[in-house]
Amino acid sequence: MDKMFFIVNAADLAQSEEELEEVVKHVRSNLTASGVGSPHIFPVSSLAALSSKQDEDEDTLAESGFPVFEQAISRFAVEDLPRLSQRAGYDEITSVRNRISAWADMAAQDETTRERKITELKEAHVQALSTLAALAEHNITREISQESSELLFHVRQRLDYALNRFFQESFNPSVLREDAGHLKAAFAACGRDLMRTLSIELDQELWATTLRLEQAGRTLTEGAAAKAAADMNGMAEGLSLGIRRESDWEAPALGETELQIQGDWLSYWSLFKNPKHFFEGSGSSKLREAAEPKVKEAIADVVAMREEQLTDHYVQMGALSLKHQVSVLEEQLNESMAAIISSLQDGQSPMMWRKLADELDALSATVQHVADLIRLIV
């Protein structure tokens, strides 16, 4: 997630640079708490950028903040992404080269040693398959359930802390004023607006939670698979098994939340009386005291339902991830064992393996040279 770019839009609405910095600081804090180690945040005004590009106004375009964002994402696409792919390629070539070098050393041993090695390899193969069978049965239900419970506890807590602000935004003097007419209907509409706002806020929190749960699930499954790979690599000389990250996990089908309180908002109408009493007197605070438990109850019911859905989904995705890792490791294991045993049985020349290792070194150097040339051209 550190490779993601985050935009704070409508930056030109900030009253001052200090206010904008506070907004960016708040966003950075939330992203860091969500597991994004070094978030790339860009305050921009997209409307100002669009208008200035259409008018070819370079000064306004620069003030919009958009050129800085465009330069950063362009640099990432042109420089960072190829470098990441190149690094992955280097790592793969190095892994194969080290494996082949080990096979060359084994092929150079005498016949008696090779026969003993073959017996040991076959025993290790059986032991390694047993390790993979245990990995396939690895269960992350408890860990995911605990992570889901903790994350959603904090979701409820954040919504609880924000309730006062949401109440004030929904029940506000611009809507509930004497000359507006139909105050009773407007009061009920304010209550419904509050629940809609909370529903949207809760959905945003839930989607953020899915990212954290996926990260937690990947950490668990990849950690278990990496340990299994390390254990198997220690079982026999010449093994260099490694995990492979699968594609993004499927997102859960949550649907939109529609929070509803028990009863009707008009049941609190007696607390309103008139706008002056409500906003300057105790009416607003009494409404919040009376309605807040019902609102919190509605939120708690939905969060409890979502917790079960999210836990079940990410336990299932974790099982699929483990299945993927087992398949990848088993394929590597079988191919490696077959190649090593074949070289020992046939007495293949170690020179052949060393020649192949040298060719891989040359390939790696060529890839580096091409990458350097591309960087110079770009």
Side-chain angles (χ1 to χ4, degrees), residues 26 30 33-34 144-178 180-214 250-279 281-316:
H26 175 72
N30 286 341
S34 300
I144 289 294
S145 178
Q146 181 177 350
E147 184 73 13
S148 178
S149 178
E150 290 179 1
L151 288 172
L152 291 176
F153 168 79
H154 291 295
V155 167
R156 286 183 55 187
Q157 196 172 55
R158 284 192 292 273
L159 288 177
D160 286 351
Y161 289 154
L163 272 181
N164 183 43
R165 172 169 59 85
F166 289 132
F167 263 100
Q168 291 177 350
E169 291 175 354
S170 294
F171 292 88
N172 66 81
S174 65
V175 177
L176 297 172
R177 60 181 193 273
E178 290 286 3
H182 305 290
L183 276 176
K184 196 171 185 179
F187 178 87
C190 289
R192 293 191 295 271
D193 177 73
L194 170 65
M195 302 310 286
R196 277 195 302 273
T197 301
L198 286 170
S199 296
I200 294 171
E201 190 74 12
L202 177 55
D203 280 342
Q204 291 175 341
E205 287 278 4
L206 289 171
W207 284 116
T209 300
T210 64
L211 294 176
R212 298 165 193 162
L213 283 173
E214 177 178 339
E250 180 182 333
L254 296 179
E256 291 186 3
T257 297
E258 294 184 5
L259 291 171
Q260 300 287 341
I261 62 169
Q262 292 183 355
D264 186 85
W265 282 96
L266 288 179
S267 62
Y268 302 105
W269 174 244
S270 61
L271 298 172
F272 184 76
K273 295 183 181 179
N274 58 67
K276 183 177 179 61
H277 169 267
F278 188 76
F279 293 111
S282 59
S284 178
S285 60
K286 286 183 177 179
L287 170 65
R288 193 167 62 253
E289 290 172 5
E292 195 169 282
K294 296 287 187 181
V295 173
K296 288 184 176 181
E297 182 181 353
I299 293 172
D301 289 343
V302 171
V303 169
M305 178 183 67
R306 297 305 193 201
E307 180 177 337
E308 184 176 351
Q309 288 178 302
L310 291 173
T311 299
D312 290 345
H313 177 79
Y314 284 101
V315 166
Q316 180 182 5

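Heavy-atom neighbours of E308 CD from other residues, nucleotides or ligands within 6.0 Å: at or below the threshold of 12. Within a 6.0 Å sphere centred on NE2 of H26, other residues, nucleotides and ligands contribute 12 heavy atoms or fewer. The 12-atom threshold is not exceeded at CD of E256, counting heavy atoms of other residues, nucleotides or ligands nearer than 6.0 Å.
A 4.5 Å side-chain heavy-atom check between K296 and L163 finds at least one atom pair inside the cut-off. For the pair E258 and V302, the minimum side-chain heavy-atom distance is 4.5 Å or more. The shortest distance between side-chain heavy atoms of R306 and T257 falls below 4.5 Å. W269 is not listed as a side-chain neighbour of D264, based on a closest heavy-atom distance of 4.5 Å or more. In this structure the side chain of V303 never reaches within 4.5 angstrom of the side chain of F153, judged on heavy atoms. Contact of the D203 side chain with the L254 side chain is not registered, since no non-hydrogen atoms from C-beta on lie closer than 4.5 Å.
The aromatic rings of F167 and W265 sit perpendicular to each other, their planes meeting at more than 60°, with 30° as the lower class boundary. A tilted orientation is assigned to the rings of F278 and F171, their planes being inclined by 30° to 60°.
Note that CH2 of W207 and CD of Q204 are 12.0 Å apart. Values are rounded to the nearest 0.5 Å. To the nearest 0.5 Å, atoms OG1 (T197) and CG (L202) are separated by 12.5 Å. Between M195 atom CE and K294 atom NZ the span is 11.5 Å, to the nearest 0.5 Å. Rounded to the nearest 0.5 angstrom, L259 CG and R196 CZ are separated by 12.0 Å. Distance check: Y161 OH to H154 NE2 gives 9.5 Å after rounding to the nearest 0.5 Å. The distance from the CD atom of E205 to the CG atom of L151 is 10.0 Å, given to the nearest 0.5 Å.
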Trace of the side chain to side chain contact (heavy atoms under 4.5 Å, CB included) decision for L310 with L152:
CA-CA 10 Å; L310 291 173; L152 291 176; 4.2 Å; yes
Side chain to side chain contact (heavy atoms under 4.5 Å, CB included) evaluation trace for F272 with L176:
CA-CA 10 Å; F272 184 76; L176 297 172; 3.8 Å; yes
Give the C-alpha distance, both sets of side-chain angles, the deciding distance and a yes or no for side chain to side chain contact (heavy atoms under 4.5 Å, CB included) between Y314 and E147.
CA-CA 11 Å; Y314 284 101; E147 184 73 13; over 6 Å; no
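In this structure, the side chain of H313 does not engage the main chain of A253 through any donor-acceptor pair within 3.5 Å. Listed for the S148 side chain is no donor-acceptor partner under 3.5 Å among the backbone atoms of I144. Judged by distance alone, the side chain of D301 and the main-chain N or O of A298 form no donor-acceptor pair under 3.5 Å. Between the side chain of S149 and the main chain of Q146, no donor-acceptor pair closer than 3.5 Å is present.
The minimum heavy-atom distance linking L271 with L287 is given by the pair CD1-CA, 3.7 Å. Scanning all heavy atoms of the two residues, the minimum distance from F166 to L198 falls at CD1-CD2, 3.4 Å. Nearest approach of R177 to L183, heavy atoms of both residues: O-CD2, 3.4 Å. Y268 and I261 make their closest contact through CE1-CD1, 4.1 Å (heavy atoms, listed as atom of the first residue, atom of the second, distance). When all heavy atoms of C190 and S170 are compared, the pair lying nearest together is SG-O, 3.2 Å.
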